[in-house]
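The structure appears right after this line, and notes come after that.
Indexing begins at 1, ligand by ligand and atom by atom, following the structure's order. Owing to the predicted nature of the structure, the values given are computational and were not obtained by experimental measurement.
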Amino acid sequence: MNPVKTISSNPFADQKPGTSGLRRKVSVFTRDGYLENFVQAIFRAVFPETGGGCRGKCLIVGGDGRYYNRQAIQIIVRMAAANGFGKLLIGRGGLLSTPAMSCLIRKHSAAGGVMLSASHNPGGPDADFGVKFNGANGGPAPEAVTDAIYRETLAIREYLTLESADIDLDRPGLTYLGGMEIEMIDPVADYAALLVELFDFDKISQLLANRRFHMCFDAMHAITGPYAIEILERQLGAEPGTVINGVPDECFGGGHPDPNLAHARELVERMNGDAPLAFGAASDGDGDRNLIMGSGCYINPCDSLAILAANARLAPGYREGLAGVARSMPTSRALDRVARNLGIPCYETPTGWKFFGNLMDAGRITICGEESFGTGSNHVREKDGLWAVLFWLNIIVESRKPARSIVREHWLRYGRDYFTRHDYEELDAGGAGEMMGRLREGIGGLAGRGAGELQIAGADDFAYTDPVDGSHSEGQGIRIFFSDDSRAVFRLSGTGTANATLRLYCEKHESDPARMEFDTQRMLARTLAAAGEIAGIAEFTGRTAPDVIT
Ligand code: G1P
Ligand code: ZN
């Protein structure tokens with residue numbers, strides 16, 4: 001009943017999980033034994049025989065609906081049964097958003113979850129697929145676990161599976177495979193119930209019933225469609241049609257399910273159309289990112305994070321205040337100013353959500369976020385796109401102010417942290433690596449040097465020691481501090497699937513009330529130029545301009 005399959009080729013050497021699991025082209029994942037090798041490595045690393053293996057344990061499985069989602073789930077179901085899991089909970093249709101996965105693991109006290117997604121990367125036969133593992137706390141596997149998974153991918157020679165017919169992913173209820181119970185559950189219900197506990201649904205309904213408050217949520221043909229339709233339209237009574245692109249599509253409608261001004265074009269057009277909307281939002285492929293827009297204004301994610309923290313008490317779930325907050329290192333320091341004002345700690349962590357988990361589990365932080373359109377709280381252990389949307393709506397209704405005024409008043413009170421990120425994509429990995437290597441080598445000699453029109457006040461390579469478990473992470477990005485108090489950060493992306501992506505983040509604080517509405521790129525021009533010169537971006541990458549400016 002449990003045939004053991006031997007992996008024919010040598011174990012795959014390229015299965016090192018990045019910041020958010022293993023992401024590769026579909027054509028790589030569909031290679032014989034590739035997905036199976038990685039899944040077996042997860043099972044062996046996370047549920048070692050010494051701890052009783054997988055036997056009797058409960059696992060959650062779901063994905064963002066992209067191409068290959070259903071086939072991958074069938075493979076995982078057979079392997080889970082052969083490995084002895086007691087119970088599988090699967091989102092109906094094979095669907096689950098990343099925050100809903102985290103919610104379900106916690107609610108059902110599961111041993112973990114296998115999430116199939118490549119987040120905001122495009123989907124389709126020629127595009128990307130991904131697998132990540134979330135642990136019993138609902139959060140992404142920490143580095144020690146992803147390292148152990150990687151070691152297993154190199155060591156194993158066989159995986160366990162069953163010969164059996166596909167299960168019906170669309171029929172609710174229970175089925176059995178081997179000794180394992182499989183329950184097909186509503187992907188939305190538990191998650192929606194959690195949001196009801198955090199936000200004032202009655203008041204938000206009143207806001208959405210107001211004829212003068214029109215909003216739009218762009219699900220970008222991805223997973224948040226069913227979630228947003230249920231929560232915004234059915235439960236909160238927003239007009240039908242508030243959610244656009246709401247049916248998950250295997251190829252995301254041919255688009256890039258990345259909620260930024262370049263890719264959420266339909267939303268941006270509606271926000272700026274003849275009948276301008278009061279509020280707009282979008283989410284990404286797997287539902288953990290958010291883009292927030294007010295009437296005539298785009299709200300930078302760093303500002304959004306700071307504003308949510310500053311106004312948290314307006315939402316019922318946060319009325320008692322915040323234990324602390326955290327941001328990833330490249331995220332602007334707007335959050336730090338709010339924390340100082342509230343008298344609570346603010347942690348600076350390396351990029352990637354997994355670093356927030358320990359702080360939340362230890363009760364040290366309540367809200368956290370990243371510049372890359374990710375915001376969340378301790379209600380789950382992942383960032384959460386729709387959570388941010390409801391939080392904003394709750395703040396708007398309680399403060400009785402439009403989003404734009406909330407942002408402007410925040411700047412007047414705390415000053416504005418102008419922030420931008422420049423991405424140089426699909427670079428030759430050699431050149432990009434050499435550039436970062438040179439920067440690292442020269443870091444000690446940077447302080448005091450001039451660069452462009454600026455002076456360098458200091459520089460370092462960001463390292464982090466987790467205050468909870470003492471684990472240490474080095475080489476997390478090069479920070480350069482300038483004498484005008486602006487900052488530049490360099491790091492290479494850990495999530496791309498093609499060559500190297502260089503990210504350059506720049507920020508500068510401005511406290512003059514007369515300079516709150518200036519052009520971001522102009523305000524940061526000197527910092528950007530100095531950073532480019534110090535690193536030698538043009539020489540090492542052959543590029544004179546970034547591919548994407550956020
Ligand atoms: C990117 C973002 C990072 C985020 C990650 C997963 O990683 O920059 O903040 O946590 O996606 O969504 P990167 O490609 O920069 O390594
Ligand atoms: Zn995502």
Side-chain angles (χ1 to χ4, degrees), residues 16-23 62-66 96-102 115-123 128-132 134 139-143 146 219-220 222-224 227 252 256-260 263-264 282-291 301-302 305 326-332 348-357 368-376 380-388 419-427 432 436 462 473 475-477 489-505 546-548 550:
K16 192 164 175 56
T19 17
S20 352
L22 181 68
R23 283 188 202 168
D64 65 6
R66 68 179 57 229
L96 280 182
S97 74
T98 285
M101 163 65 84
S102 186
M115 176 75 197
L116 307 173
S117 169
S119 190
H120 50 286
N121 294 14
D128 295 342
F129 192 75
V131 180
K132 61 179 173 176
N134 286 40
E143 220 150 54
T146 53
M220 304 190 83
I223 191 68
T224 43
Y227 291 86
F252 304 122
H256 223 103
D258 196 357
N260 57 38
H263 292 121
S283 194
D284 71 331
D286 61 331
D288 58 359
R289 295 188 175 199
N290 72 85
L291 165 69
C302 306
L305 171 63
R327 62 167 172 84
S328 66
M329 179 273 281
T331 303
S332 92
E348 183 177 35
T349 60
T351 296
W353 206 260
K354 59 188 173 193
F355 295 96
F356 296 134
C368 53
E370 300 191 90
E371 49 65 43
S372 50
F373 300 88
T375 334
V380 290
R381 293 292 181 276
E382 286 278 7
K383 55 195 174 221
D384 189 344
L386 269 166
W387 168 89
F419 175 89
T420 191
R421 182 175 108 182
H422 285 201
D423 292 332
Y424 295 80
E425 296 177 341
E426 305 215 9
L427 298 177
M436 290 298 285
F462 183 62
S473 311
Q476 298 295 322
V489 173
F490 288 93
R491 58 179 285 280
L492 295 181
S493 158
T495 60
T497 53
N499 305 322
T501 294
L502 170 69
R503 306 205 194 285
L504 165 60
Y505 315 76
D547 300 279
V548 182
T550 315

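Each of the atoms 8 (O), 13 (P), 15 (O), 16 (O) of ligand 1 lies under 4.0 Å from some heavy atom of R491. Near G494, meaning under 4.0 Å from any of its heavy atoms, are these atoms of ligand 1: 13 (P), 14 (O), 16 (O). Here is the list of ligand 1 atoms found below 4.0 Å of a heavy atom in R421: 8 (O). Ligand-side atoms of ligand 1 in range of R503: 8 (O), 13 (P), 14 (O), 15 (O), range being under 4.0 angstrom from any heavy atom.
Residue contact annotation: G352 has a non-hydrogen atom under 4.0 Å from ligand 1.
In terms of N/O distances under 3.5 Å, ligand 1 is approached by S493. Of the N or O atoms in H120, none lie within a sub-3.5 Å distance of an N or O in ligand 1. Every N/O-N/O distance between R23 and ligand 1 stays at or above 3.5 Å.
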| request: Could you walk me through whether D258 and R289 pass the salt bridge (Lys or Arg N to Asp or Glu O under 4.0 Å) test, one step at a time? | output: CA-CA 8 Å; D258 196 357; R289 295 188 175 199; 3.7 Å; yes
| field | Evaluation steps, side chain to side chain contact (heavy atoms under 4.5 Å, CB included), between T349 and M329 | value | CA-CA 5 Å; T349 60; M329 179 273 281; over 6 Å; no
| request: Quick one: do S102 and N134 satisfy side chain to side chain donor-acceptor pair (under 3.5 Å)? Show the steps, please. | output: CA-CA 7 Å; S102 186; N134 286 40; 5.0 Å; no
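By the 4.0 Å N-to-carboxylate-O rule, R327 lies too far from E370 to be salt-bridged with it.
Within the 3.5 Å criterion, the main-chain N or O of E425 finds no donor-acceptor partner in the side chain of D423. In this structure, the side chain of R503 does not engage the main chain of H422 through any donor-acceptor pair within 3.5 Å.
Neither side chain, T375 nor D384, offers a donor N or O lying under 3.5 Å from an acceptor on the other. A donor-acceptor pair shorter than 3.5 Å can be found between the side chains of T98 and K132. In this structure, a donor-acceptor pair under 3.5 Å is present between the side chains of D284 and S119.
Considering only non-hydrogen atoms, atom 1 (C) of ligand 1 lies nearest to R289 out of E382, E370, K383, R289.
Protein atoms of type N/O/S that fall under 2.8 Å from the Zn ion (ligand 2) number 4 in this view.
Under the 30°/60° scheme for interplanar angles, the aromatic rings of F419 and Y505 are found to be tilted.
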